[in-house]
Amino acid sequence: MKNLGILLSGRGSNFLAIADSIDAGRIRNARIAIVISNRADAPGIEAAQKRGLEATVIPSKGKDREAHDRQVAAALNEHKVDLICLAGYMRLLSPWFVQQFPQRILNIHPSLLPAFPGLEAQQQAFAYGVKVSGCTVHFVDQELDHGAIVVQKTVPVLDEDNEHSLAVRILEQEHAAYAEAINVVLEGNYQFRGRRLVRGT
Ligand code: GRF
């Protein structure tokens, strides 16, 4: 059984989708060992408590980045976390933190990386006029929205879309993509060719 650690800052729909996927057996041999928010008012942390999961707030406001990350890492290690899933965690990680967990941190981003990194990716893609967007689950390295890609899912941009409707359809795919990526990583059934992750050993 592998232990997942979830880091979030907001509504937590990706966290809830991961929790539901575990309950439904779509993510195998895993449990959520701890959910950590850097914001006390994150709806996701309340949702975690309601589900009876270990949920902790480690406030980041005004704190030195690495000092905060050291507290987060201590909580993750205390709960013997094997894989860290960023789920709307709106805080940059320090190089120190990333080095502690090589290939053990996943992030989900609502665009087809490397297009539209950073904030409001769905709006960026919509405004640019792309005809296809989507989402990316990737390993976290020291550059923003940059690490090796584990899973991507595409979403067509329809003529009648607006930023909101596109973001809603991307979010549905995020939820499926995260479960798939977690299975790939936990099963360890992949290898790297350069920065390409290829399934199978
Ligand atoms: C998602 O769009 C995710 O891709 C991005 O932040 C948002 C978090 O949403 N990283 P939620 O809190 O999981 O609902």
Side-chain angles (χ1 to χ4, degrees), residues 4 6-24 26-27 35 37-39 41-45 47-48 83-93 98 103 105-187 189-190 192-200:
L4 301 182
I6 309 276
L7 302 189
L8 55 76
S9 307
R11 74 189 155 181
S13 77
N14 276 289
F15 146 61
L16 286 168
I18 292 169
D20 287 345
S21 292
I22 290 174
D23 291 349
R26 289 188 298 271
I27 295 175
V35 181
S37 172
N38 65 321
R39 298 181 52 132
D41 58 357
I45 206 76
L83 181 66
I84 300 161
C85 300
L86 307 185
Y89 190 59
M90 303 306 286
R91 177 132 172 122
L92 291 173
L93 297 170
V98 175
Q103 277 165 41
I105 314 172
L106 288 177
N107 182 41
I108 182 137
H109 185 75
S111 76
L112 294 174
L113 289 172
F116 313 116
L119 292 174
E120 302 195 335
Q122 308 95 323
Q123 288 85 336
Q124 290 184 54
F126 185 79
Y128 194 92
V130 297
K131 299 298 186 198
V132 180
S133 191
C135 62
T136 305
V137 183
H138 63 93
F139 281 113
V140 171
D141 66 9
Q142 295 195 17
E143 288 177 54
L144 180 69
D145 298 331
H146 174 268
I149 293 170
V150 184
V151 169
Q152 285 189 310
K153 293 209 180 281
T154 57
V155 174
V157 182
L158 309 176
D159 287 346
E160 54 272 28
D161 263 331
N162 55 42
E163 294 176 356
H164 177 71
S165 61
L166 177 62
V168 167
R169 292 208 318 289
I170 291 175
L171 191 63
E172 277 172 27
Q173 293 305 311
E174 291 183 36
H175 297 164
Y178 224 152
E180 195 177 319
I182 289 169
N183 277 326
V184 170
V185 174
L186 291 184
E187 282 163 15
N189 189 22
Y190 61 88
F192 282 105
R193 296 195 191 136
R195 56 165 284 143
R196 296 179 60 224
L197 181 150
V198 183
R199 298 200 200 178

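- Side-chain N or O atoms of Arg199 include none that pairs as donor or acceptor with a backbone N or O of Asn189 at under 3.5 Å.
- Surrounding CZ of Phe192 are more than 12 heavy atoms belonging to other residues, nucleotides or ligands, all under 6.0 Å away.
- Inter-residue side-chain proximity for Leu86 and Leu93 is flagged as met; some heavy-atom pair is nearer than 4.5 Å.
- Here the CD1-NZ distance, from Ile170 to Lys153, works out to 14.0 Å after rounding to the nearest 0.5 Å.
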Apply side-chain contact (heavy atoms from CB on, under 4.5 Å) to residues Leu171 and Asn14 and explain how you reach the verdict. CA-CA 8 Å; Leu171 191 63; Asn14 276 289; 3.9 Å; yes
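- Rounded to the nearest 0.5 angstrom, Leu106 CG and Leu83 CG are separated by 4.5 Å.
- Residue Ser165 comes nearest to Asn162 through the heavy atom pair N-OD1, 2.7 Å, listed as atom of the first residue, atom of the second, then distance.
- A salt bridge between Glu160 and Arg169 is absent, with no side-chain N of the basic residue lying under 4.0 Å from a carboxylate O of the acidic one.
- Looking at every heavy atom in both residues, Ser111 comes nearest to Thr136 through O-OG1, 2.6 Å.
- Using a 4.5 Å heavy-atom cutoff, the side chains of Glu174 and Pro110 are in contact.
- In this structure, CZ on Phe15 lies 15.0 Å from CD1 on Ile108, to the nearest 0.5 angstrom.
- Here the shortest heavy-atom pairing between Gln124 and Leu119 reads NE2-O, 2.8 Å.
- Rounding to the nearest 0.5 angstrom, the gap separating the SG atom in Cys85 from the CD1 atom in Ile6 is 4.5 Å.
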Going through the checks in order, is the side-chain contact (heavy atoms from CB on, under 4.5 Å) test met by Val140 and Ile84? CA-CA 10 Å; Val140 171; Ile84 300 161; over 6 Å; no
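- The two residues Leu16 and Ala47 have their closest heavy-atom pair at CD2-CB, 4.1 Å.
- Formation of a donor-acceptor pair under 3.5 Å by the Gln152 side chain with backbone atoms of His138 is not found in this model.
- Nearest heavy atom pair, residue Leu166 against residue Gln122, reads CD2-O, 4.0 Å.
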Could you go through the side-chain contact (heavy atoms from CB on, under 4.5 Å) check for Leu186 and Leu4 one step at a time? CA-CA 10 Å; Leu186 291 184; Leu4 301 182; 4.3 Å; yes
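- Shortest non-hydrogen contact noted between Ser133 and Val157 is N-CG2, 4.0 Å.
- Inter-residue side-chain proximity for Phe139 and Leu197 is flagged as met; some heavy-atom pair is nearer than 4.5 Å.
- The distance from the CD atom of Gln142 to the CG atom of Leu144 is 12.5 Å, given to the nearest 0.5 Å.
- A donor-acceptor pair under 3.5 Å is formed between the side chain of Asn183 and the backbone N or O of Arg26.
- In this structure, the separation between CD on Glu180 and NE2 on His175 is 14.5 Å, given to the nearest 0.5 Å.
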